[in-house]
Number of protein chains: 2
Amino acid sequence: MAEALTAALLQRGLTVDHAASLDEAEAYMAAVDHAAILLDLGLPDGDGLAWLRRRRASGETRPVLALTARGSVEARVRGLHDGADDYIVKPFDADELHARLLAVLRRQGGYLGVSLTCARLTFDVETRTVRVGETVLTLSTRETELLELLLRRAGNVVPKRVVEDQLFGAGGDQGSKNAVEVYVHRLRKRLDEAGTGARIDTVRGVGYLLRNAA
Amino acid sequence: MAEALTAALLQRGLTVDHAASLDEAEAYMAAVDHAAILLDLGLPDGDGLAWLRRRRASGETRPVLALTARGSVEARVRGLHDGADDYIVKPFDADELHARLLAVLRRQGGYLGVSLTCARLTFDVETRTVRVGETVLTLSTRETELLELLLRRAGNVVPKRVVEDQLFGAGGDQGSKNAVEVYVHRLRKRLDEAGTGARIDTVRGVGYLLRNAA
DNA sequence: GGCCGGCTTACATGTACCTGACGATTGCTG
DNA sequence: CAGCAATCGTCAGGTACATGTAAGCCGGCC
């Protein structure tokens, strides 16, 4: 069931670490700043809710969604009181779990809008912020616009004309305006220095293409 | 059913305003800064989810719990996608609704004595006091408001506009208003002098971001 | 070689932001 | 009520960064 769940969430664009026990989970949680935690209350090595209570008491703030087969009202109330942000009873639908997960993340801040991604890059359309993994990457306005444009067509070539029209007015200016090339250059430099794992390829005579470097 | 629900929540120590229609609800919501909203999707005067989508689009941030008789997975997924923080199917148990409400409030930060933290900083929402480790740090009202705002979205960018709207009225005043910058400056100074280990980053053209300096 | 498209660096201008200071207001105290 | 301190919002001067243009460079292709 964990495998199926992991696959379902990966397919929906999330990154997942899977722990088979509470001990293993603690190891993961110490190492990675996860956005949220799915807690199966049927784990073999101890009471999941007691564990959750302890973690909350010692300052754990990450959202926790409890998964369980025990569907009684009392169980649900207890789970929520013990610090769960949502309580989902098996069997559940992957779409609903995904939706509830997004709702919690949205509330927690960050995942407000749709986010575009490529390699380790994520772009939050709502706040117009770029992240490399967890850390925020600050770009100038123009650089952000360019990156968004490329991200929306990630893996596909974006004609140079389109970039010009989108970044600067559609006004067909003349002369030696190589602004696009300059910004592509600046963006490349930033993506590279930040180790994003994303890269911009040039398609001569046509335009540019954002893709995963690996 | 609304009466029974109101009574049940009052009995559990919460304060409730009851609106019989979306129009009435808007009137209440404009006047009072509610901690959360229970939205019955079966209201006579219009589609509750469409209304929710519109409110979210125009900046409504209060948590919303959707109540409905339609229990299909698709309906639940749509409700959560449209901006609901939880989706509860009738008939439901008052205890569970209460527990889910508390879970959402807890997550939203404050309202329940849970304190917000970042680095060595802690903020008790109940008493509106700021601490650095054990010692209390006294800030002015505006500084406290700003810190709370940043703390609620710690690690995420808070757009400058949001700060303006939250600190001063949403009334779009004009003129040379760099008040936000001034308060950010003052707060930075205080956080720095007190050795909080927290720091405010500037994201040019977007807003500010509170994070652990280390 | 000479042309063409793209790359790279440099630079002048504008804009966003920072920061110290000032008058106005508020609240407290003698 | 006068006097004082803290806080508030505004402003002016300074700084750092973003922007768009230009000029020199590189590599492919006829």
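Numbers restart at 1 for each chain; the letters A, B, ... are given by sequence-line order, proteins then strands. The structure presented is a predicted model; accordingly, all values stated were derived computationally and were not measured.
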Does OP1 or OP2 of [N] have a side-chain N or O of [X] closer than 4.0 Å?
X	N	value
A:Arg204	D:dC29	no
B:Arg142	D:dG9	yes
A:Tyr183	C:dC7	no
A:His185	C:dC7	no
A:Tyr208	C:dC7	yes
A:Ser140	D:dC17	no
B:Lys160	C:dA16	no

Assert: residue with more 5' nearest nucleotide on DNA chain D, out of B:Arg190 and A:Thr141, is B:Arg190
Whichever of B:Val182 and B:Leu139 has the more 5' nearest nucleotide on DNA chain D, that residue is B:Leu139
Nearest whole angstrom, please: distance from the [atom2] of [N] to the [atom1] of [X].
X	N	atom1	atom2	value
B:Asp201	D:dC17	CG	P	13 Å
A:Leu167	D:dA18	CG	P	16 Å
A:Arg161	C:dG5	CZ	P	12 Å
A:Arg188	C:dG6	CZ	P	11 Å
A:Asn178	C:dG5	CG	C1'	11 Å

Can you tell me if B:Thr202 and B:Arg188 form a side-chain donor-acceptor pair at under 3.5 Å? yes
Just wondering, do A:Lys177 and A:Glu164 contact through their side chains at under 4.5 Å, heavy atoms? no
So do the side chains of B:Glu24 and B:His18 get within less than 4.5 Å of each other, counting heavy atoms only?
no
Mind checking [X] for me? I need base, sugar-phosphate or nothing, with any heavy atom below 4.0 Å counting as a touch.
X	result
A:Arg186	base
A:Lys189	nothing
B:Val184	nothing

* To do: Give a yes or no on whether a salt bridge exists between A:Asp124 and A:Arg131, defined as a side-chain N under 4.0 angstrom from a carboxylate O.
  => no
Taking D:dT10, C:dG6, C:dC17 as options, the one with an atom nearest any side-chain atom of B:Thr202 is C:dC17
Is the A:Tyr28 ring parallel, tilted or perpendicular to the A:His34 ring (thresholds 30°, 60°)?
perpendicular
